[in-house]
Amino acid sequence: MQLKLSFIIASATALAGFVSCTPNPESRITHEGSQSMKDLALLGPVWKVQVFPNEEPQIFTGEVDDVYDKVLALNPDFGRGNGNFTEEIETITYLSKRNTIIPPLCWDVLAHGMNCQAVYNLAEKLYNLDAPYGVNGRTCMRMFCFSNTGVALCNDREDYIEPNLRYLSSYLTIIDQYCLNTKYSLEAGQLFDTDNYNILLKTLDCSRPQTWPVGTFPDRRELTD
């Protein structure tokens, strides 16, 4: 992932073709989730993760770090053999760019930036979870927050959606490619998908509720872009 994230993408450029575990572009977003997923999404983040390869997916609530810890507690081998993030993220990013509005909006990193290594770590967790992420219509859902900087998925549609987390991980990669300030190793931005949802990476008040109506921002400062 081009991280400072940049050095990661450089190592991935040798990827020659598409890989078998890359998400199908036609199934990157689902509009029909289970009723329990939809109901839980009214309260906060909801994830449908296949913890064990041969078992039905399990539903988890909470932000990504909590969910990842819960999954690893159930299956310490989770993520192994699930593809290589470093090698495959460039391919997934290539697919995602066909469905996103480039370039993303980039914001003042000193006011709203997240450390690029934290962005990389988050993107890798989303990639490994490789699961649907449920968000109700006209709603923003915070996926991650630390020190009042976070990532949220905003659904501008009227209907419930379940974007694939591997695609969402690549959206963070795209924001990094365009919005990383290498002087400060910080980045902040917003990337829009043509299916009418978007990823926010910016200042968020971690003490506020995990969901809010689209068009409002639960942070302590107005955007300064």
Side-chain angles (χ1 to χ4, degrees), residues 1-15 22 45 63-69 79 82-97 99-130 133 140-154 163-193 197-206 210 217-225:
M1 175 176 193
Q2 184 185 10
L3 189 69
K4 261 189 190 162
L5 288 175
S6 314
F7 68 91
I8 298 296
I9 282 293
S11 69
T13 54
L15 187 63
T22 299
E63 296 189 9
V64 62
D65 285 343
D66 292 335
V67 170
Y68 207 79
D69 288 344
N82 195 27
N84 187 292
F85 173 70
T86 301
E87 293 178 357
E88 295 177 9
I89 191 60
E90 186 181 14
T91 295
I92 302 173
T93 300
Y94 170 80
L95 293 173
S96 297
K97 282 185 175 180
N99 303 301
T100 53
I101 299 173
I102 301 295
L105 297 177
C106 295
W107 297 323
D108 178 7
V109 298
L110 295 182
H112 300 285
M114 181 185 292
N115 178 271
C116 59
Q117 186 61 53
V119 177
Y120 174 79
N121 293 340
L122 173 60
E124 186 173 27
K125 288 181 178 179
L126 297 181
Y127 170 90
N128 285 333
L129 287 170
D130 188 19
Y133 183 75
C140 291
M141 185 87 73
R142 194 175 70 221
M143 308 174 76
F144 171 82
C145 199
F146 180 75
S147 295
N148 288 325
T149 305
V151 172
L153 176 65
C154 291
N164 181 278
L165 289 177
R166 285 200 172 180
Y167 275 101
L168 298 185
S169 75
S170 71
Y171 292 3
L172 295 179
T173 308
I174 295 171
I175 291 175
D176 172 76
Q177 290 175 347
Y178 287 90
C179 302
L180 173 64
N181 184 313
T182 56
K183 179 180 179 180
Y184 299 105
S185 297
L186 296 172
E187 52 195 274
Q190 183 175 17
L191 180 65
F192 292 86
D193 188 280
Y197 62 90
N198 65 86
I199 281 281
L200 288 168
L201 193 167
K202 65 178 293 291
T203 299
L204 294 173
D205 188 337
C206 299
Q210 294 172 317
F217 294 95
D219 59 5
R220 294 171 178 165
R221 290 166 287 189
E222 295 297 324
L223 293 179
T224 57
D225 181 50

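Since we're looking at a predicted model, the values are computed, not measured.
- Counting heavy atoms of neighbouring residues, nucleotides and ligands inside a 6.0 Å radius, atom CZ of F192 exceeds 12 of them.
- From L126, atom CG reaches atom CG of N121 across 11.0 Å, with rounding to the nearest 0.5 Å.
- Pairing each heavy atom of A188 with each of V109, the nearest pair is N-CG1, 4.0 Å.
- In this structure, E187 and N181 have side chains that are not in contact, with every pair of non-hydrogen atoms separated by 4.5 Å or more.
- When all heavy atoms are compared, the tightest approach of P163 to L153 is CG-CD2, 3.8 Å.
- Rounding to the nearest 0.5 angstrom, the gap separating the OG atom in S185 from the CG atom in L180 is 6.5 Å.
- Residues Q190 and I175 fail the side-chain proximity criterion, which asks for heavy atoms closer than 4.5 Å.
- Proximity of Y68 to N128: side-chain heavy atoms (C-beta onward) are separated by under 4.5 Å at one or more points.
- Here CG of L204 is found 9.0 Å from SG of C140. Values are rounded to the nearest 0.5 Å.
- Between T173 and I89 the shortest side-chain heavy-atom distance falls below 4.5 Å.
- Rounding to the nearest 0.5 angstrom, the gap separating the SG atom in C116 from the CG atom in L172 is 12.5 Å.
- Within the 4.5 Å cutoff, no side-chain heavy atoms of N198 are placed close to those of L191.
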| task | Could you walk me through whether T93 and S170 pass side-chain hydrogen bond (donor to acceptor under 3.5 Å, both in side chains), step by step? | result | CA-CA 5 Å; T93 300; S170 71; 4.7 Å; no
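- To the nearest 0.5 Å, atoms CG (L168) and OH (Y133) are separated by 8.5 Å.
- A search for side-chain hydrogen bond (donor to acceptor under 3.5 Å, both in side chains) contacts involving N115 returns nothing, not counting sequence neighbours.
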| task | May I have the step-by-step check of side chain to side chain contact (heavy atoms under 4.5 Å, CB included) for Q177 and K97, ending in yes or no? | result | CA-CA 12 Å; Q177 290 175 347; K97 282 185 175 180; 3.0 Å; yes
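- Contacts of Q210 classified as side-chain hydrogen bond (donor to acceptor under 3.5 Å, both in side chains), with partners at least two apart in sequence or in another chain: E63.
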| Chi angles and distances behind the side chain to side chain contact (heavy atoms under 4.5 Å, CB included) call for K125, V67 | CA-CA 10 Å; K125 288 181 178 179; V67 170; over 6 Å; no
| From CA spacing to verdict: side chain to side chain contact (heavy atoms under 4.5 Å, CB included), C106, Y178 | CA-CA 7 Å; C106 295; Y178 287 90; 4.2 Å; yes
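- The backbone N or O of C206 lies less than 3.5 Å from a partner atom in the side chain of N148, making a donor-acceptor pair.
- When side chains are defined from C-beta on, L200 does not count as touching V151, because their heavy atoms never get closer than 4.5 Å.
- Side chain of T149 to main chain of C145: no donor-acceptor pair is present (N/O by atom type, distance under 3.5 Å, no hydrogens or angles).
- Side chain of T203 to main chain of A111: a donor-acceptor pair is present (N/O by atom type, distance under 3.5 Å, no hydrogens or angles).
- R142 places no side-chain N or O within donor-acceptor distance of the main-chain N or O of A152, the cut-off being under 3.5 Å.
- Note that CG of D130 and CZ of R166 are 4.0 Å apart. Values are rounded to the nearest 0.5 Å.
- Side-chain contact between E124 and L129: absent, with no pair of heavy atoms (C-beta onward) separated by less than 4.5 Å.
- Here the side chains of W107 and C179 are not in contact, with every heavy-atom distance at 4.5 Å or above.
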| query | Yes or no on side-chain hydrogen bond (donor to acceptor under 3.5 Å, both in side chains) for Y167 and N99, after CA distance, side-chain angles and deciding distance? | reply | CA-CA 10 Å; Y167 275 101; N99 303 301; 5.5 Å; no
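- For the ring-ring contact (aromatic ring centres under 6.0 Å, His included) test, no residue two or more places apart in sequence or in another chain qualifies with F144.
- The salt bridge (Lys or Arg N to Asp or Glu O under 4.0 Å) search around D66 returns none, not counting sequence neighbours.
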